[in-house]
Amino acid sequence: MIDRNQPWVGRRRRSLGHRIALSLLLLLIAKLAAPRAALAHAFDPALLDLREERAGEFGVVWKVPGTGRAADLTPRFPTECNRLDAHGADGDGPQHWRVNCGSSGLRGARLAVSGLDRNRIEAIVRITWLDGTVIAGVLHGDNDEFAVPRAPWSGAALSGAPARGVLWSYLRLGIDHILFGFDHLLFVLGLLLLVERTGLLIKTITAFTVAHSLALALAVMGVVKVPAAPVEALIALSIVLVAYELTRANGPASLVRQYPWAVAFAFGLLHGLGFAGALAEIGLPAGQIPLALLAFNLGVEIGQLAFVLVMLFPLKVFARLAATRPWLRWLPAYAIGALAMAWVFERIERFWVPFS
């Protein structure tokens, strides 16, 4: 028979009540914030690919993701660019046409894609010049214009061998994308909260990075091919699992807590596949696939490492506050879990988009 007058029973009941109330509150917040939940959208960008065929004249390929969310995306060219011809692929495939942009050949011009803010989609702009130099940039709702450098050594591209331009462009592409990969960063944040020992944390983050890199390489090279929608839903579900583990601080040690590096490796494979599907879809520069793949992955990892370093001090301050205010330690777990569940439902709903 349980003695309900024992102090620990009262504390347990109060703790359970607080956790239930906090769960309901955060689920309500997640529901109200559902229109913004897509900020953690999958890496499923549109592509505006221009290849200079002769001085000032470009072949254009325009691809939009097959998610049903990109119907009103429209590329915008400078007024001096004249469209020469146009034809689209069958169904929802890419469109092809040619433009003549005069003697300047797009140097110093601005390219844009309208509709990004309404569709919450990124667009990759890639230009390949006659000499093989490649420049690329990522557009999104907050910045839908790409400034083409006036010279190969300005901004996005570097002078010299085309390989240097590919390296720099795809490195920036990876860094730019991870800054908006909120689901990816939220998983890393969960790992930082879950693993307290520095040595084990380094091992866990390393395992996640290795798995992420491996999956990215295998998928882009065509060795592994999986549907994007289930992968993205599983990525969100992996964040829910980490959030659940954060609520079990006083429970028996689970496999996740005993071997966080193994769990990080497994979910790193998922997160790598999430990036890889769209990267393979938009294509990599012919003859430079290994370099572009390496550069993109390095960019992602640089962004991830920067995030870890930036979060170390705030998390240390949070740990000190939570030591004297025990209820605070539940806040990140339930906030992460509620937001991740909103993403799970949103991404499961996408399973049926192509059939609607």
Side-chain angles (χ1 to χ4, degrees), residues 12 15-34 36-42 178 180-197 200-201 204-205 207-209 211-212 230-272 274 304 307-308 310-312 314-319 321-323 325-349:
R12 185 177 178 182
S15 175
L16 180 60
H18 290 162
R19 291 165 66 179
I20 292 175
L22 186 58
S23 298
L24 293 175
L25 174 61
L26 290 173
L27 283 172
L28 177 61
I29 293 173
K31 180 66 176 177
L32 295 175
R36 302 295 296 172
L39 283 173
H41 62 275
I178 198 63
F180 298 93
F182 299 120
D183 50 354
H184 186 106
L185 295 181
L186 199 62
F187 181 83
V188 175
L189 176 61
L191 293 179
L192 292 174
L193 290 166
L194 187 65
V195 183
E196 298 178 353
R197 301 198 307 273
L200 187 57
L201 177 61
T204 301
I205 295 296
F208 183 76
T209 297
H212 176 272
V231 168
E232 293 299 332
L234 286 173
I235 288 174
L237 199 58
S238 73
I239 304 172
V240 176
L241 175 61
V242 171
Y244 170 72
E245 286 298 324
L246 289 173
T247 68
R248 302 179 68 249
N250 297 326
S254 64
L255 291 176
V256 175
R257 287 188 175 273
Q258 290 178 338
Y259 308 102
W261 58 268
V263 175
F265 185 88
F267 289 130
L269 295 175
L270 277 177
H271 285 243
Q304 178 178 284
F307 173 76
V308 170
V310 166
M311 291 304 300
L312 287 179
L315 288 178
K316 184 175 293 187
V317 173
F318 175 80
L321 292 174
R325 300 169 180 83
W327 63 270
L328 273 178
R329 69 179 180 179
W330 305 114
L331 187 60
Y334 285 94
I336 292 172
L339 187 56
M341 279 306 302
W343 293 336
V344 170
F345 293 133
E346 179 202 19
R347 293 175 183 187
I348 289 177
E349 185 181 2

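By convention here, the first residue in the shown sequence is residue 1.
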Rounded at 0.5 Å granularity, tell me how far NE2 in H212 sits from NE2 in H184.
5.0 Å
Under 6.0 Å from the OH atom of Y259, do we count more than 12 heavy atoms belonging to anything else shown?
no
Using the test side chain to side chain contact (heavy atoms under 4.5 Å, CB included), find all partners of F345 that sit at least two apart in sequence or belong to another chain.
M341
Cut-off 3.5 Å, no hydrogens considered: what does the side-chain donor-acceptor table look like for residues 233-241, sequence neighbours left out?
unit_1 : atom_1 : unit_2 : atom_2 : d
S238   : OG     : I235   : O      : 2.5
S238   : OG     : H271   : NE2    : 3.4

According to side chain to side chain contact (heavy atoms under 4.5 Å, CB included), who are the partners of V310, at least two apart in sequence or on a separate chain?
none
Taking all non-hydrogen atoms of both residues, which atom of F318 and which atom of P332 are closest, and how far apart?
CZ-CG, 3.4 Å
Test of understanding: with side chain to side chain contact (heavy atoms under 4.5 Å, CB included), list the residues that count as partners of L194, not counting sequence neighbours.
E245, L246, V256, R257
The reported gap from CD1 in I348 to CH2 in W343 (rounded to nearest 0.5 angstrom) is 15.0 Å
To the closest 0.5 Å, what do you measure between CG (L189) and CG (L315)?
6.0 Å
For A243, enumerate each residue passing the side chain to side chain contact (heavy atoms under 4.5 Å, CB included) test, keeping only those at least two apart in sequence or located in another chain.
I336
Please report the interatomic distance OG1(T247) to OH(Y334), rounded to the nearest 0.5 Å.
5.0 Å
Test side chain to side chain contact (heavy atoms under 4.5 Å, CB included) applied to T204 and L191, V188, L192, T209, the passing residue:
L191
F267 meets the ring-ring contact (aromatic ring centres under 6.0 Å, His included) criterion, sequence neighbours left out, with F187
